[in-house]
Asks: 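There's a structure below that I have some questions on.
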Amino acid sequence: MTQNQIFNILIVEDEARIAEGLVDLFQFKGYTADVAVDGESGLEAALSGKYDLVLLDLMLPKMDGFTVCNAIREQTRELPIIILSAKASEDDIVNGLTLGADDYVSKPFSVGPLFARVEAVLRRSRKILEKENFLTLDNITIDFKMLQGEQDGSKIFFTRKEIEILKYLNGHKNTVVSRSDLLREVWGYDDPETIDTRTVDIHITKLRKKVEKDPASPQFLLTLRGKGYQLCV
Ligand code: CA
């Protein structure tokens, strides 16, 4: 995490004194923070895409925190959630974590340890994002967002389709992906079994020329005859 990174925190909390204390804490740390005072507006704000992390109270007007947590997770796995509550029986903690919260802090809390938990969750979620956005094959690092790779200081350029194939294979690495899977998931064909196309093979051949030392005997992008493809990393 870089020093000057500004994170935007959403605090869903109906107790004004606690909410204000948290806003002060985050501002002091150089973050920005907004408050939602009930579950409904909290959910709406959480799904706005503006926030890097949600601190979520459980006992809230209009919609309780468990429901909010569940509704956020139905829309996105990526937004980190820390539940913050006085309602801290073991059952509640387990329930919150089962619904997909990243962590659980009981009230009353001290600001130092709370902030450390927030930082840890942010660091972890950033690592996961980075993992999803990059692929390293030997001495090549591929940046999915930039559609390019780097090998010993020189750039390798990929088409969007090539990156989509790599991303899909990377999400299913070390398992066999059939040509139909790729046609369905990357090309969006509903009924790939009926399509006679060499487009997947042609793309894989082009990809091998870019990432394999010896494209004729690939080390990463394997063909399993009659079965499909496999990314080995
Ligand atoms: Ca409350």
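In this text the structure is predicted, and so the values were computed from the model without any measurement.
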Asks: Under a 4.5 Å side-chain heavy-atom rule over Ile, Leu, Val, Met, Phe, Trp and Tyr, are F134 and F220 clustered together?
Replies: no
Asks: Do L53 and I82 touch side chain to side chain, with heavy atoms closer than 4.5 Å?
Replies: yes
Asks: Ignoring hydrogens and angles, tell me if any N or O in the side chain of Q27 forms a donor-acceptor pair with the backbone of T32 under 3.5 Å.
Replies: no
Asks: Could you check whether any side-chain heavy atom of Y104 comes within less than 4.5 Å of a side-chain heavy atom of S85, counting everything from C-beta outward?
Replies: yes
Asks: Check whether any side-chain heavy atom of I140 sits under 4.5 Å from a side-chain heavy atom of D152, and report yes or no.
Replies: no
Asks: Using the rule that Ile, Leu, Val, Met, Phe, Trp and Tyr join whenever any side-chain heavy atoms are under 4.5 Å apart, tell me whether M63 and L47 fall into a single cluster.
Replies: yes
Asks: Indicate the atoms forming the closest heavy-atom contact of Q148 with F158, along with that distance.
Replies: CA-CD1, 3.9 Å
Asks: Side chains of residues 64-72: which donor-acceptor partners sit under 3.5 Å, not counting sequence neighbours?
Replies:
unit_1: D64; atom_1: OD1; unit_2: F66; atom_2: N; d: 2.9
unit_1: D64; atom_1: OD1; unit_2: T67; atom_2: N; d: 3.1
unit_1: D64; atom_1: OD1; unit_2: T67; atom_2: OG1; d: 3.4
unit_1: D64; atom_1: OD2; unit_2: T67; atom_2: OG1; d: 2.9

Asks: Could you walk me through whether K107 and E13 pass the salt bridge (charged side-chain N to carboxylate O under 4.0 Å, His left out) test, one step at a time?
Replies: CA-CA 12 Å; K107 289 177 185 170; E13 170 63 78; 2.8 Å; yes
Asks: Shortest non-hydrogen contact from L222 to C232?
Replies: CD1-SG, 3.5 Å
Asks: Going by an N to O cut-off under 4.0 Å, is there a salt bridge joining K210 and E162?
Replies: yes
Asks: For the pair Q230 (side chain) and L224 (backbone), establish whether a donor and an acceptor sit closer than 3.5 Å, ignoring hydrogens and angles.
Replies: no
Asks: Could you work out, with salt bridge (Lys or Arg N to Asp or Glu O under 4.0 Å) as the rule, every residue matching K161, not counting sequence neighbours?
Replies: E164
Asks: Can you find a pair of side-chain heavy atoms, one from L182 and one from Y168, that are under 4.5 Å apart?
Replies: yes
Asks: Within the supplied structure, the quantity of interest is the number of heavy atoms (other residues, nucleotides, ligands) at a distance under 6.0 Å from F157 CZ; does it exceed 12?
Replies: yes
Asks: Any donor and acceptor pair, going by atom type alone, linking the side chain of N8 with main-chain N or O of K50 inside 3.5 Å?
Replies: yes
Asks: Kindly work out whether a path of hydrophobic side-chain contacts (I/L/V/M/F/W/Y, heavy atoms less than 4.5 Å apart) joins L84 to V23.
Replies: yes
Asks: Fit a plane to each ring of Y31 and F115, take the angle between them on a 0 to 90° scale, and name the class: parallel (under 30°), tilted (30 to 60°) or perpendicular (over 60°).
Replies: tilted
Asks: Start with the C-alpha gap between L207 and I165, add the side-chain angles, then the distance that decides, and say whether side-chain contact (heavy atoms from CB on, under 4.5 Å) holds.
Replies: CA-CA 9 Å; L207 271 171; I165 295 168; 3.9 Å; yes
Asks: Would you say that L114 contacts L22 through its side chain, given a criterion of any heavy-atom pair below 4.5 Å between the two side chains?
Replies: yes
Asks: Identify all side-chain donor-acceptor contacts of residues 33-40 below 3.5 Å with residues at least two apart in sequence or on another chain.
Replies:
unit_1: D34; atom_1: OD2; unit_2: Y51; atom_2: OH; d: 2.5
unit_1: D38; atom_1: OD1; unit_2: E40; atom_2: N; d: 3.0
unit_1: D38; atom_1: OD1; unit_2: S41; atom_2: N; d: 2.8
unit_1: D38; atom_1: OD1; unit_2: S41; atom_2: OG; d: 3.3

Asks: Stepwise, does the side-chain contact (heavy atoms from CB on, under 4.5 Å) test hold for Y229 with V200?
Replies: CA-CA 10 Å; Y229 304 96; V200 176; 3.5 Å; yes
Asks: Given L10 and L55, is the side-chain contact (heavy atoms from CB on, under 4.5 Å) satisfied, shown in steps?
Replies: CA-CA 6 Å; L10 174 65; L55 279 179; over 6 Å; no
Asks: Which heavy atom of A19 sits nearest to which heavy atom of I11, and what is that distance?
Replies: O-CD1, 4.3 Å
Asks: If you count every heavy atom of other residues, nucleotides or ligands that lies below 6.0 Å from N139 atom CG, does the total exceed 12?
Replies: yes
Asks: List for me each residue that meets salt bridge (Lys or Arg N to Asp or Glu O under 4.0 Å) alongside D14, sequence neighbours excluded, and say none if there are none.
Replies: none
Asks: With hydrophobic residues grouped by side-chain heavy-atom distances under 4.5 Å, do V111 and V121 end up in a single group?
Replies: yes
Asks: Any donor-acceptor pair under 3.5 Å linking the side chain of S110 with the backbone of G112?
Replies: no
Asks: What is the minimum heavy-atom distance between P80 and D102, and which atoms define it?
Replies: CA-OD1, 3.2 Å
Asks: Can you run down the salt bridge (charged side-chain N to carboxylate O under 4.0 Å, His left out) pairs that involve residues 168-187, sequence neighbours left out, and say none if there aren't any?
Replies: R179-D201, D181-R184, R184-E193
Asks: At what distance, to the nearest 0.5 angstrom, does CG of L25 lie from NZ of K29?
Replies: 6.5 Å
Asks: State whether a side-chain donor-acceptor pair under 3.5 Å links R77 with S125.
Replies: no
Asks: Can you tell if the side chain of L166 reaches within under 4.5 Å of the side chain of F144, non-hydrogen atoms only?
Replies: yes
Asks: Would you indicate whether E44, at its atom CD, is surrounded by more than 12 heavy atoms from other residues, nucleotides or ligands within a distance under 6.0 Å?
Replies: no
Asks: Quick check for you: to the nearest 0.5 Å, what is the distance between E15 atom CD and L60 atom CG?
Replies: 10.0 Å
Asks: Taking 4.0 angstrom as the limit, do R208 and D214 come out as a salt bridge?
Replies: no
Asks: Could you report the tightest heavy-atom contact between D52 and L122, atom names first, then the distance?
Replies: O-CD2, 3.7 Å
Asks: Output every pair passing salt bridge (charged side-chain N to carboxylate O under 4.0 Å, His left out) with a member in residues 135-150, not counting sequence neighbours, ordered by first then second residue.
Replies: D138-K213, E150-K155
Asks: Would you mind reporting whether V233 and L135 have side-chain heavy atoms less than 4.5 Å apart?
Replies: yes
Asks: So which heavy atom on L79 is nearest to which on A46, and how close?
Replies: CD2-O, 3.4 Å
Asks: Say whether, by atom type as modelled, one donor and one acceptor occur between the side chain of T76 and the main chain of R73 under 3.5 angstrom.
Replies: no
Asks: To the nearest 0.5 Å, what is the distance between NZ (K209) and NZ (K206)?
Replies: 9.5 Å
Asks: When rounded to the nearest 0.5 angstrom, what is the spacing between CD1 in I204 and CD in E212?
Replies: 10.0 Å
Asks: Determine whether I83 and V105 make a side-chain contact, defined as any pair of heavy atoms from C-beta on separated by less than 4.5 Å.
Replies: no
